[in-house]
Amino acid sequence: MKFFVDTAEVDAIAELNELGMVDGVTTNPSLIMKSGRDILEVTKEITDMVSGPVSAEVVATQADQMIEEGRKLAKIADNIAIKVPLTWDGLKACNQLTNDGFMVNVTLCFSANQALLAAKAGATFISPFIGRLDDINLDGMQLIADIRQIYDNYGYETQILAASIRTVNHAFESACIGADVMTAPPDVIKKMALHPLTDKGLESFLKDWEKTGQKIL
Ligand code: G3P
């Protein structure tokens, strides 16, 4: 499973990148706002750090302007994935930008039918938002499973990018279902390392080790 980091905070990306945990990065207008940085500058900085796809989102709502914005964002670096929303105009932009040879990430996907349209429009990635469905008492994980089944039924190559991941359970279940990629905030990725039995076991090993009076170094 590929891990993308869902943030525009360069320090957090750098920390995970040193461990080889970063296969790509996703940003959106809210994450750019949170970073307080200029979109072109911060995106360039991220593309210099990470060799995998870095998603940068358009903000226009009409297809022709989305295409123009997408082409500008794509000039930042070769590893830009242009992010467009899952609207009819977004699908038009997806199709054109894909035909231009760019990677396209279709975002704000909340139904399997939307994901089917994105695949037909040639999307490189489809981003179903798990957490936001859970927020309104719908089953975000079922959406990932439904899209997996549909894409497998017909051999669509669009990669399922499980997004709006809020918990380690979202990460685990996405991996079980077979999402190609998950994008998660840095703290969720770090929390995946935690287990109380690991802490307990380590504590007891260290206590016993102290009793031996030995040293390795
Ligand atoms: O990748 C999409 C993500 O940034 C949305 O997450 O937590 O705002 O629903 P969230």
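Numbering of ligands and ligand atoms starts at 1, following listing order. Please read these numbers as outputs of a predicted model, since none were measured by experiment.
- Under the 4.5 Å side-chain criterion, counting only non-hydrogen atoms from C-beta, Ser174 is in contact with Ile130.
- Considering only heavy atoms from C-beta on, Met141 comes within 4.5 Å of Asp139 through its side chain.
- At a 4.0 Å heavy-atom cut-off, the residues surrounding ligand 1 are Asp6, Asn28, Phe129, Arg132, Ala163, Ser164, Arg166, Thr183, listed by chain and number.
- Annotation: side-chain hydrogen bond (donor to acceptor under 3.5 Å, both in side chains) contacts of Gln149 (sequence neighbours excluded): none.
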May I have the list of side-chain donor-acceptor pairs in residues 82-90 shorter than 3.5 Å, sequence neighbours left out?
unit_1 : atom_1 : unit_2 : atom_2 : d
Lys83  : NZ     : Thr27  : O      : 2.9
Thr87  : OG1    : Gly90  : N      : 2.9
Asp89  : OD2    : Ala63  : N      : 2.7

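- The existence of a salt bridge linking Asp134 and Arg166 is excluded, since no basic side-chain nitrogen approaches an acidic carboxylate oxygen closer than 4.0 Å.
- The side-chain hydrogen bond (donor to acceptor under 3.5 Å, both in side chains) analysis of residues 204-217, with sequence neighbours excluded, yields the pairs Asp208-Lys211.
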